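To start, the structure itself, in structure tokens.
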Amino acid sequence: MDPSYSVYEDAVSRNKESAARGVVELELPAGVRVRGLLQSGYQSVLTREALEFVADLERRFRPRVKYVLACRREEQARYDAGELPGFDPATKAIREGDWVCSAPPPAIADRRVEITGPVERKMIINALNCGAKMFMADFEDSLAPTWDNLMRGQINLRDAVNRTISFEDKARNKLYKLNPKTATLLVRPRGWHLQEAHIEIDGEPATGALVDFGLYFFHNHVNFRSKHGGFGPFFYLPKMQHSREAAVWNSVFDQAEDVTGVPRGSIRGTVLIETLPAVFQMHEILYELREHSAGLNCGRWDYIFSFIKTVRAHPDRLLPDRVQVGMKQHFLKSYTELLIQTCHRRGVHAMGGMAAQIPIRNDPAANEAASALVRADKLREVKAGHDGTWAAHPGLISLVVEVFDSNMPHANQLDVKREDVQVMEDDLLQMPKGKRTLEGLRLNTRVGIQYLAAWMTGTGSVPLYNLMEDAATAEISRVQNWQWIKYGAVLDGGLVPGVRVTKELFARVLDEEMVCIEREVGPAKFAVGRYREAAKLFAKQCTSEILDDFLTLDAYRNIVQFAPTARM
Ligand SMILES: CC(=O)SCCNC(=O)CCNC(=O)[C@H](O)C(C)(C)COP(=O)(O)OP(=O)(O)OC[C@H]1O[C@@H](n2cnc3c(N)ncnc32)[C@H](O)[C@@H]1OP(=O)(O)O
Ligand SMILES: O=CC(=O)O
Ligand SMILES: [Mg+2]
């Protein structure tokens with residue numbers, strides 16, 4: 001573990017308070033060390049049995065997780081040497097074979113509208129009540145993985161599955177409780193690349209994904225399955241790059257089912273196709289998970305991020321402004337259509353993605369314009385053959401439901417085979433059209449810094465300039481700046497066409513955008529926020545010689561807080 005991870009003074013004093021309040025000590029299995037501060041209730045999640053379950057998963061699968069991450073590095077080295085991703089000749093038989101996945105369980109046959117959001121208590125209740133069919137509760141893009149967010153998230157999800165969850169907003173004198181009819185829960189653990197520093201197993205930080213999955217599965221599988229016709233729990237699986245990574249998840253599911261006596265195929269996972277390499281592996285990914293699959297989803301924001309990241313050594317592949325990389329661009333249209341064709345051939349759902357617009361209060365015209373964009377996006381998705389889609393905010397649910405209800409008379413569109421779709425490697429690799437502008441560089445910088453500042457204070461999704469921003473959208477801002485600076489991109493549109501992007505230009509833009517952020521958020525919030533630290537980190541990330549794989553890997557050290565008395 002990097003010794004620079006901080007132990008904060010406030011953690012020390014809070015720990016003393018906890019001790020004074022008589023917080024229960026954990027009973028830890030051999031080899032397990034919990035390094036996070038124990039707040040009230042955490043021990044109900046960190047039970048000896050649950051930690052044993054997580055430790056067993058970690059011991060079995062850590063070597064495979066390390067291996068698939070090493071394979072990612074090896075593949076990236078090939079792309080850096082000039083190759084581009086493509087379909088693998090070795091797995092042609094899987095792509096062309098006639099197999100299908102297990103049929104979708106009744107509980108998720110109709111998933112036309114899924115709301116998403118972090119595992120925050122009030123938001124979970126709002127999401128479950130909002131009228132969406134499903135709720136994707138997120139430990140990933142929309143959650144800053146602080147120890148407290150993770151532990152409270154587990155408590156919140158357990159209470160949600162038990163239907164005992166409530167929340168009192170004292171300031172507004174409002175009590176939040178579940179409606180009789182609620183959305184079905186899907187949980188998204190972190191990606192394979194993130195470690196959980198607060199839990200060590202045999203002297204090494206645990207794998208974040210296995211902690212999120214393991215604790216949630218262990219505490220909830222009995223209750224969840226009793227309420228969902230013997231199926232579940234249901235998951236979303238993020239940021240994979242290859243079917244070998246899906247094979248690891250499949251083995252994790254097998255193991256979890258075997259240890260708990262849950263029948264094979266009860267757990268289901270929807271894989272986000274949100275990396276460029278993965279789009280060439282969709283059949284293979286479904287094949288690996290064929291007993292546990294609930295289909296694929298178009299994670300468009302990470303996909304755009306991954307597109308830039310994968311071709312990071314190709315100076316001829318500089319993208320236009322982030323705002324211009326919309327779903328009508330040929331490479332994105334091709335990806336969504338190929339995903340629909342692939343899923344429906346294999347008998348599973350092809351889920352759409354997230355439009356970033358959110359309701360705009362106090363400006364009816366702007367709000368209507370934002371709604372129109374969401375409506376158009378959802379109409380495109382349902383007409384293309386998607387079986388459902390995502391919405392970021394409860395205020396959008398009725399609009400999205402209306403679009404799907406009007407255009408999808410049955411529970412899903414698995415019968416829409418899209419045999420007309422003919423997508424080749426070139427279609428998936430075609431460069432998006434548009435212009436690079438100074439305004440784009442400025443906006444990337446303003447958004448990246450504000451997002452990071454929020455993330456470092458424990459908030460993983462924020463409204464910025466009337467759009468939802470989360471780890472995936474912020475990544476686009478970061479890698480786009482990096483790409484333009486690295487290759488001295490010449491701006492070809494906007495107010496100052498012809499200008500070359502350099503480190504010096506970026507430094508000036510960053511200074512000016514910090515002034516702008518201070519003006520926008522106000523001096524009081526700016527003074528107490530972590531904007532300066534965020535700017536420093538963002539600048540480092542945008543100007544490094546070699547692109548870091550994930551912004552959150554570097555940023556994570558800023559949110560790790562060890563309890564001084566952590567024991568093994
Ligand atoms: C790329 C991807 O991975 S997309 C998926 C991951 N990203 C997400 O899930 C983002 C989810 N959305 C959000 O986090 C939020 O909507 C934000 C941050 C974008 C905006 O949040 P806010 O500024 O709080 O929105 P706003 O003030 O309009 O909220 C109004 C109410 O709706 C609630 N709300 C807003 N979004 C959600 C949500 N996604 N789920 C549940 N409740 C929500 C708020 O808690 C608030 O509740 P209240 O009136 O009871 O107090
Ligand atoms: O996770 C979803 C995405 O768009 O990224
Ligand atoms: Mg994503």
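Keep in mind the model is a prediction, meaning the values are calculated, not measured.
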Answer yes or no on whether Arg190 is positioned over the face of Phe213, meaning its NZ or CZ is under 6.0 Å from the six-membered ring centre and within 45° of the axis.
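Judged by the rule (NZ or CZ under 6.0 Å from the ring centre, within 45° of its axis), Arg190 is not positioned above Phe213.
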Sorted by first residue and then second, give each ring pair (Phe, Tyr, Trp, His ring centres under 6.0 Å) pair with at least one member in residues 356-390; sequence neighbours left out.
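Every pair satisfying ring pair (Phe, Tyr, Trp, His ring centres under 6.0 Å) with a residue in residues 356-390: Tyr236-Trp390.
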Is there any ring pair (Phe, Tyr, Trp, His ring centres under 6.0 Å) pair reaching into residues 321-348, and which pairs are they, with sequence neighbours excluded?
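Of all non-adjacent pairs touching residues 321-348, those that pass ring pair (Phe, Tyr, Trp, His ring centres under 6.0 Å) are Tyr303-Tyr335, Phe307-Phe331.
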Is there a donor-acceptor contact under 3.5 Å from the side chain of [X] to the main chain of [Y]?
X: Ser293; Y: Gly295; value: yes
X: Asp387; Y: Gln413; value: yes
X: Asp492; Y: Thr437; value: no
X: Asn162; Y: Thr164; value: no
X: Asn149; Y: Gly458; value: yes
X: Asn179; Y: Lys181; value: no
X: Lys328; Y: Val325; value: no
X: Gln480; Y: Arg322; value: yes
X: Asp302; Y: Glu274; value: no
X: Thr275; Y: Met240; value: yes

Ion pair [X]/[Y], N-O distance below 4.0 Å:
X: Lys309; Y: Asp548; result: no
X: Arg442; Y: Asp321; result: no
X: Glu284; Y: Arg95; result: yes
X: Glu469; Y: Arg478; result: no
X: Asp141; Y: Lys239; result: yes
X: Glu381; Y: Arg300; result: yes

Flag for [Y]-[X]: side-chain donor and acceptor within less than 3.5 Å:
X: Arg163; Y: Thr182; result: yes
X: Glu513; Y: Thr445; result: no
X: Tyr176; Y: Arg121; result: no
X: Tyr451; Y: Glu475; result: no
X: Gln281; Y: Tyr287; result: no
X: Gln541; Y: Asp554; result: yes
X: Thr389; Y: Lys378; result: yes
X: Ser406; Y: Glu402; result: yes

Contact summary for [X] and [Y], nearest pair of heavy atoms:
X: Pro359; Y: Leu396; result: CD-CG, 4.1 Å
X: Gly131; Y: Val401; result: O-CG2, 4.3 Å
X: Cys101; Y: Leu286; result: SG-O, 3.9 Å
X: Val501; Y: Ile485; result: CG1-CG1, 3.8 Å
X: His393; Y: Ile358; result: CB-CG2, 4.2 Å
X: Ala144; Y: Thr459; result: CB-N, 4.0 Å

Going through the distances and angles, do Leu185 and Leu157 end up as a side chain to side chain contact (heavy atoms under 4.5 Å, CB included)?
CA-CA 9 Å; Leu185 196 58; Leu157 290 182; 4.1 Å; yes
The test is side chain to side chain contact (heavy atoms under 4.5 Å, CB included); show your working for Glu533 and Asn558 and say whether it passes.
CA-CA 9 Å; Glu533 277 169 271; Asn558 294 281; 3.9 Å; yes
Determine whether the aromatic ring centres of residues [Y] and [X] are separated by less than 6.0 angstrom.
X: Phe224; Y: Phe234; result: yes
X: Phe235; Y: Tyr216; result: yes
X: Phe305; Y: Trp301; result: no

Between Glu114 and Lys133, does the side chain to side chain contact (heavy atoms under 4.5 Å, CB included) criterion hold? Intermediate values first, please.
CA-CA 6 Å; Glu114 301 185 342; Lys133 286 272 183 204; 5.9 Å; no
Rounded distance [0.5 Å steps], [atom1] in [X] versus [atom2] in [Y]:
X: Phe280; Y: Leu84; atom1: CZ; atom2: CG; answer: 8.0 Å
X: Leu537; Y: Trp455; atom1: CG; atom2: CH2; answer: 9.0 Å
X: Met134; Y: Leu186; atom1: CE; atom2: CG; answer: 6.0 Å
X: Cys130; Y: Phe135; atom1: SG; atom2: CZ; answer: 9.0 Å
X: Glu439; Y: Leu495; atom1: CD; atom2: CG; answer: 4.0 Å
X: Cys343; Y: Leu296; atom1: SG; atom2: CG; answer: 3.5 Å

Can you tell which of Lys383, Arg418, Arg380 makes a salt bridge (charged side-chain N to carboxylate O under 4.0 Å, His left out) with Glu337?
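One option only clears the test, and that one is Arg418.
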Pairs involving residues 342-371, ordered by first then second residue, that meet salt bridge (charged side-chain N to carboxylate O under 4.0 Å, His left out) (sequence neighbours left out)
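Every pair satisfying salt bridge (charged side-chain N to carboxylate O under 4.0 Å, His left out) with a residue in residues 342-371: Glu368-Arg375.
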Just checking Lys227: does its NZ atom have more than 12 heavy atoms from other residues, nucleotides or ligands closer to it than 6.0 angstrom?
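More than 12 within 6.0 Å, yes.
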